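Below is one structure; the comments refer to it alone.
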Amino acid sequence: MIELLTSLLAITLRSGTSLIYATIGEIYTERSGVLNLGIEGMMLMSAVTSFAVVYHTGSLLLAILTAMAVGGLLASVHAFLSITMRANQVVSGLSITLFGAGMASFLGQRLGPETNSGYLVGLVGAKFEPLNIPVLSRIPVVGALFNQDILTYIVYLVLPLAWYYLYKTRNGLNLRAVGENPQTADAMGINVGKVRYIYTIIGGMLVGIGGAHLSLSYAPGWTENITGGRGWIVIALVIFSMWNPARAIWGALLFGGINAVQFRLQASGTNIPASYLNMLPYLATVVVLVMLTWWEALSKRVGAPSSLAKSYMREDK
Amino acid sequence: MSHPILEMKGITKRFPNVVANDRVDLELYPGEVLALLGENGAGKSSLMNVVAGLYRADEGEIFIRGKRVEINSPRDSMNLGVGMVHQNFMLVDTMTVAENIILGLPDIPFRVDMEKVNERIRELSEKYNLQVDPESYIWQLSVGEQQRVEILKLIYRGAEILILDEPTAVLTPQESKELNRVLQQMTSEGKSAVFITHKMEEVMAFSNWVRVLNKGRLVTVKETQKTNPKELAQLMVGRDVLFRLAKKERQTGDVILDLKDVQALDDKGLPALQSISLQIRAGEIMGVAGVAGNGQKQLVEVLTGLRKITGGQIRIFGEEMANKNPLEIINCGVSHIPADRIARGVAGDMSVAGNLAMKCYRKPPLVKRGILHPRRIIDLAKRMIDMFRIDTPTPQTHAKFLSGGNIQKIILAREIDACGGVLIAAYPSRGLDVGATEYIRSQMIEQSECGTAILLISEDLEELMTVADKIMVLYEGRIMDILASSEANTEQIGLLMAGVTEGKTAVGHA
Ligand SMILES: Nc1ncnc2c1ncn2[C@@H]1O[C@H](COP(=O)(O)OP(=O)(O)O)[C@@H](O)[C@H]1O
Ligand SMILES: [Mg+2]
């Protein structure tokens, strides 16, 4: 039993890590008032490019940096379209997802070695191995927390830091004001456009790490549609966490947990058709999401940043 | 004479359809107050937004402390010691008072020490007698308290040149007095202020200079002592303004609106209206006086179907209308001019025509078999725009681009046009210039002459005395008394508003 729980928690964390990175990234982006629906495409692009880099160079660090650069680059396209050009943010984000998905699939057939006729599928490269923390990792069940790869350990730090930065620092205060009421932020001397660019791009970099975690750790290698719709789950998790980075962990663990249980069930050979089991995490996320946000909206004055997805121009009325 | 601390020369500001400022000059001297007057849409806010760095002037120069300056952003403006209270509050609702005050400040530490900030704010609010809890959230505050936060922002930043854009328009008389006192305290410390207002008493009471704008042009510069309200109003509007309106003697008819023992709760579930009984006859204007927050809002809401009553009866044209929905009440002939006209009065992103048709679009000829007739809507709108002299480039212009007075005229036009005998008007002249105010008041009198029963809520006793036939005073959700306006005087009403009846206080009675 203990062994079962330990392994469930381990899988939960492993599948939750990429979600947490991407969710925090998107929370920061949305807090500045920019809605980026390009996450799915950005995660796919960073997954494929980081795997290609690791395959050819063997450097995991270089791969992660590539993923961040790719995520940041796609996010800056979105920033340019939605902040400078004032395009509709939903349309711009969706185009990035469509572009990213198509481009990732294309690159998956070109970035591989000649011996594999350019394909990346089926290749094996370096990956993030679990790092065993002595003593701590031998605690029953909880030990699973300390038998993870480095990206997961970093997430343990990123979560509280992201929360602290948003709620306790000057920059976080300004960021929240920009997403909530850009007119006021501007009148108070905050450069609204600059703040929005910065956090859209930082958000994109974090999403990039989320994508890289899939192809470098969770499911090492490149497979078509490696994200399996995680980019969309992230959108839901952002709402679920009420735009609070500290709460990103609960949604990610819930999704990761159901995913882990579902794996177990499949492995133990139940006669529930696999497609139903695969549906489970998505279904559960949606149900819990609806229930929780409904309850939250009733009980507190928290919610989406008021100017989410609205462009701002100084002399507009 | 000393040199101006702020000087603007030949400022021109153009927007796509209008020239908001046309070669305007302005001088502000240290330690003085300059009153900036003009009708709604005259370009006062635009001119001041140029100094605040929110608008870029197309032409002209700005000098501060004698030096030519370039103001490209609010940051530049702040660094020059300019602080502005904007016409619409610039506050983030979901943040605390303290967070709002330090927002955007470059010289606070990266890790904000909120305790220290709170302490400093408490000190300042003590010094200027501006009571507000630094830890409460903006959404928890009343309008008056929010205005205090705006002032505290200027003080905290140590602004030397204060710009106040109609800061008292949304305040009760008491709150306005308090704000004026703070402003005087600040100027006595050597700060200078540009003060925009429509209230002549304020202009006369503490400004040193007056500048009047009309359609974007500077028309007058005067020393306050050498002018008077009548002259200023005339300069603003470009014609004589009647502060006293002629009211014909008229016959009142049957009882149209009849409230018996009406009771209702406020949003917190506390009693807001307690046994309200009143009758308004056809052709009668009933004024409602009272300090804000004594049940006016709830009274309007129960009469328009926006709030349930917990006891009593509401009869309109003899029919029981208590707790009916707004549409049923509209169909019964009730029109409503809401207090918050931006939130409840117009749809800003809809055209002027759409807003004008918003009440009668369900009926022919505007609709036929469920399909709207855009041409007929435009025709109707054109007629109403003419009749009510609404100043709009086209009927298709979005309502939000109009000035406050013209937005109010849209609502008035729509509500009067669709009025079936009852008009509920909440603060209809709030924030309007003298010309628009006069117009709205005369429209209400005209309507009552046609037999409409009108309930007029106002914080302006002068308005109640001139427009209403009877004045009822609300205090803590009760009617203190109903007086004939021809026999009432402001002192008497003022006492009733404070809950005093003939020497004894009303608290505990009933
Ligand atoms: N941001 C803007 N965009 C377009 N038109 C504007 C804007 N701000 C003001 N205007 C127009 O400029 C004119 C002057 O407006 P404003 O300065 O607000 O007048 P006031 O403050 O005197 O009432 C009005 O016609 C108004 O509609
Ligand atoms: Mg104005």
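Just so it is clear, the model here is predicted, and its values are computed rather than measured. Side-chain atoms are counted along with the backbone in the values below, which use heavy atoms only and exclude waters and symmetry mates. Protein chains get the first letters and strands the later ones, always in sequence-line order, with residue 1 at the start of each.
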Determine whether more than 12 heavy atoms belonging to other residues, nucleotides or ligands lie under 6.0 Å from atom CH2 of A:Trp232.
-> yes

Find out whether A:Asn174 and B:Leu103 are in side-chain contact, i.e. whether some heavy atom of one side chain is under 4.5 Å from a heavy atom of the other.
-> yes

Engaged part of B:Tyr137 at the chain A interface, taking heavy atoms whose separation is under 4.5 Å | neither

Look only at the side chain of A:Asn181 and the backbone of B:Leu91, and say whether a donor-acceptor pair between them is shorter than 3.5 Å.
-> yes

Quick one: are A:Lys168 and B:Arg111 in side-chain contact, heavy atoms under 4.5 Å?
-> no

Smallest separation among heavy atoms of B:Met78 and A:Ala187, with atom names = CE-O, 3.2 Å

Smallest separation among heavy atoms of A:Met188 and B:Arg75, with atom names | O-NH2, 4.4 Å

Going by heavy atoms in the side chains, are B:Thr94 and A:Arg176 under 4.5 Å from each other?
-> no

Roughly how far apart are A:Asp316 CG and B:Phe15 CZ, rounded to 0.5 Å?
-> 10.0 Å

Sub-4.5 Å side-chain heavy-atom contact between A:Arg314 and B:Leu54 | yes

Heavy-atom distances under 4.5 Å only: say whether B:His398 touches chain A with side chain, backbone, both or neither.
-> neither

Check the surroundings of atom NZ in A:Lys194: do more than 12 heavy atoms from other residues, nucleotides or ligands lie under 6.0 Å from it?
-> no

Heavy-atom closest pair, residues A:Glu315 and B:Arg56 = OE2-N, 2.7 Å

One should read off an interatomic distance between A:Thr184 OG1 and B:Met95 CE, to the nearest 0.5 angstrom, of 10.0 Å

Any idea which heavy atoms bring B:Pro106 and A:Arg170 closest together, and the distance?
-> O-NH1, 3.6 Å

How far apart are the closest heavy atoms of A:Ala177 and B:Val92, and which atoms are they?
-> CB-CG2, 4.1 Å

